[in-house]
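The structure displayed is predicted, hence computed values, not measured ones. Sequence positions, counted from 1, serve as the residue numbers for this chain. For the numbers below, each heavy atom of this structure counts, side chains included, while hydrogens, waters and symmetry mates do not.
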Amino acid sequence: MGMTRAKKNAVGWIVSICVMAAGPVLTGCSADSTKTEDTKTEDTKDVKETKGSTATARATPSPKGQSGDQSTVQGVVATWVTAVVEDRPKEACLVMATPATDGSPAKPSTEAMCGGDGPEAQRMADQIHRMHTSFTPDQPKSPPTVKVAEVPVTDKKATVDGEQITVDGQTLEAIVVSHSTGVKEDQVGVRIEAGVVAGRWYVTDLGLSVG
């Protein structure tokens with residue numbers, strides 16, 4: 001009781017996205033078309049705990065290229081995409097923030113929210129896992145080589161398109177298309193938005209469009 005209010009936080013926006021998994025899912029994609037895919041498995045809990053137990057430190061000490069870099073748009077987008085490709089929901093979550101609205105400032109995700117066992121953290125893990133399928137090339141390197149082109153920054157905000165991001169040499173758009181049926185590359189749009197919150201860059205929104 002009293003916990004049913006839907007807050008638009010970083011986990012909320014990613015859960016509300018129509019995320020693509022392998023298969024013919026781009027057709028008729030809308031915010032509420034997940035009913036066919038939405039088989040809630042409790043197994044994700046065990047998977048998440050296994051992975052989470054190895055990543056307790058706030059900063060990742062492992063040599064993952066640009067991992068953890070929030071000083072530039074390129075750094076944070078590369079960090080987020082790398083975390084998605086490696087299926088690390090907590091790491092992806094930690095570089096996400098709720099975009100600012102008229103009434104409230106942007107809010108970065110917290111360690112407690114990203115690493116907790118609550119329903120939002122579980123849904124986040126599930127959605128990152130679905131995106132992981134769509135964002136991963138057929139034979140990914142370990143760790144993946146993620147490169148992000150320079151983009152203009154206006155008012156501490158920036159947008160990076162899927163064709164400006166490469167994973168192991170392939171554009172993110174091409175990878176997403178390779179996991180979808182009956183869709184051509186020029187029909188798919190992938191857009192990642194980022195913004196500065198308290199002096200650090202965060203991923204604030206993700207747009208996926210078809211047609």
**Study point:** Residues that R191 engages under salt bridge (charged side-chain N to carboxylate O under 4.0 Å, His left out), provided they are two or more places apart
**Key:** E193

Can you hop from [X] to [Y] via hydrophobic side chains spaced under 4.5 Å?
{"X": "I175", "Y": "V146", "answer": "yes"}
{"X": "V203", "Y": "V197", "answer": "no"}
{"X": "I192", "Y": "V153", "answer": "yes"}

Point to revise | Contacts of E173 that satisfy side chain to side chain donor-acceptor pair (under 3.5 Å) - sequence neighbours left out | key: none

Point to revise | side chain to side chain donor-acceptor pair (under 3.5 Å) involving S71 - partner list, sequence neighbours excluded | key: D69

Exercise for review: Give a yes or no on whether the backbone of M96 and the side-chain of S109 come within a donor-acceptor separation of less than 3.5 Å.
Suggested key: yes

Check your understanding: Under 3.5 Å, is there a donor-acceptor pair between the side chain of H179 and the main chain of T133?
Key -> yes

So which heavy atom on [X] is nearest to which on [Y], and how close?
{"X": "G75", "Y": "T72", "result": "N-OG1, 2.8 Å"}
{"X": "Y202", "Y": "Q70", "result": "CE2-NE2, 3.3 Å"}
{"X": "A194", "Y": "V76", "result": "CB-CG1, 4.2 Å"}
{"X": "A125", "Y": "P89", "result": "CA-CB, 3.6 Å"}

N/O donor-acceptor pairs under 3.5 Å from side chains in residues 159-170, not counting sequence neighbours:
| residue | atom | partner | partner atom | Å |
| --- | --- | --- | --- | --- |
| Q164 | OE1 | D161 | N | 2.8 |
| D168 | OD1 | T145 | N | 2.7 |
| D168 | OD2 | K141 | N | 2.8 |

Check your understanding: Given side chains that start at C-beta, do those of T136 and E86 come closer than 4.5 Å, heavy atoms only?
Key -> no

Exercise for review: Would you check if K90 and M124 make a side-chain contact, meaning some heavy-atom pair closer than 4.5 Å?
Suggested key: no

Check your understanding: Does anything in residues 136-173 pair up under ring-ring contact (aromatic ring centres under 6.0 Å, His included), and if so which pairs, sequence neighbours excluded?
Key -> none

Check your understanding: Between V190 and V188, does a side chain to side chain contact (heavy atoms under 4.5 Å, CB included) hold up when you go through it step by step?
Key -> CA-CA 7 Å; V190 181; V188 172; 4.1 Å; yes

Practice item. Mind checking side chain to side chain contact (heavy atoms under 4.5 Å, CB included) for V196 and listing every partner two or more places apart, or none if nothing turns up? Key: K156, W201

Exercise for review: Quick one: do F135 and T82 satisfy side chain to side chain contact (heavy atoms under 4.5 Å, CB included)? Show the steps, please.
Suggested key: CA-CA 9 Å; F135 283 16; T82 301; over 6 Å; no

